[in-house]
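Written out below as structure tokens is the structure these notes cover.
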Amino acid sequence: MKIQGTPYRTIWPAEDGKSIEVIDQTMLPHVFATSRLSTMEQTADAIRTMVVRGAPLIGATAAYGIALAMREDASDQALDAAHDYLLETRPTAVNLRWALARMRDRLRNRPRGDRFEAAWAEAAAICDEDVETCRRIGTHGLEIFRAAAAKNPGRPLNILTHCNAGWLACVDWGTALAPIYMAHDEGIDLHVWVDETRPRNQGASLTAYELGGHGVPHAIIADNAGGLFMRQGKVDLCIVGTDRVTANGDVANKIGTYLKALAAKDNDIPFYVALPSSTIDWTLNNGDDIPIEERSATEVTHMSGRLADGGIATVQISAPGSPAANPGFDVTPSRLVTGFITERGVCPATNAGLRGLFPST
Ligand code: MRU
């Protein structure tokens, strides 16, 4: 996607051939800055501190982390240590585990002398595949959007999304936002309600930034407004991304997703989840078994933003000393999900549905 006319991915190899560049998402939407990562530890830190975030991008960054580790020490021990170290960075998005396993499998039987080059190429392949996968998710989702728009001619298709499942969460395009971009580009009249997504505000800071940059009509809403808008007929369709889908179709996504799915169900509004197959955890059969990341309480008690003088500041919004809890994700049971939009097409949110599209994974 483009930032002020210049095409960007969220992650790319630096020209020195031994480090990577990423968009620093902690600075958005106020400052567009990139960050250079030259060591495995720096990639781990970027994932942990959410300089990069979003399930597919976390996986892609970790893949490059393995490559950077191999540049320093290509032994089996270093490979295992880098795998284990990176795996600890964030617990919920399963794309991390998927990418690390793929890197280790591809490198394990290669001679040590080849490992850095092979790892670098494999990480680049993961990034390229992610772009193509998201493009395909977009084309399959576009069919759904076309049909939904056709049902309501003469007025915009109103879509609600939660968190950021756009190109910033992936390498390019995004998952849930890919069909939105494609529908907008082909002239479908649409409008997006963007949940702000407290506490880290990925909706207000990132999704709105993306949509605005692409010229997609949208409005940021408080997380609590979606239910009212659904009852008022102001939402035609919900679409979200996901950090992990279990084999039975349960969906872990950013905290607050479950409440939107409940409200959508109560109002007969389709609730779609867009995902690459790397987000399916075939080893789990129940969403309640997904590890839910508990993040710092200060994300709830404090907020950051831009001051009138242009400076960025963090302020406390709670009474000093008030404790806070901060689960990063919740689980939406498969029965609340209308369908999955994947790179291979759309399927019911069931084991049979997923297996129908991915029989041999
Ligand atoms: O904590 P984050 O920002 O890494 O959260 C992950 C996400 O971006 C969302 O949960 C998203 O909806 C799924 S990832 C495409």
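Counting starts at 1 for both ligands and their atoms, in listed order. Because the structure is predicted, anything quoted here is derived from the model rather than measured.
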Side-chain H-bond candidate by donor/acceptor type, Thr279 with Asn95, under 3.5 Å: yes
Short side-chain donor-acceptor distance under 3.5 Å, Thr26 and Asp24: yes
Heavy-atom closest pair, residues Ile20 and Ile11: CD1-CD1, 3.9 Å
Sub-4.0 Å heavy-atom environment of ligand 1, residues by chain: Met50, Arg53, Gly54, Ala55, Pro56, Arg90, Cys163, Asn164, Ala165, Ala169, Thr175, Gln202, Gly241, Thr242, Asp243, Asn253, Lys254, Phe329
Row check, Trp282 ring normal vs Arg355 NZ/CZ: under 6.0 Å, within 45°: yes
Side-chain touch Tyr64/Cys127, heavy atoms, less than 4.5 angstrom: yes
Quiz item: cation-pi between Lys2 and Tyr8, 6.0 Å / 45°: no
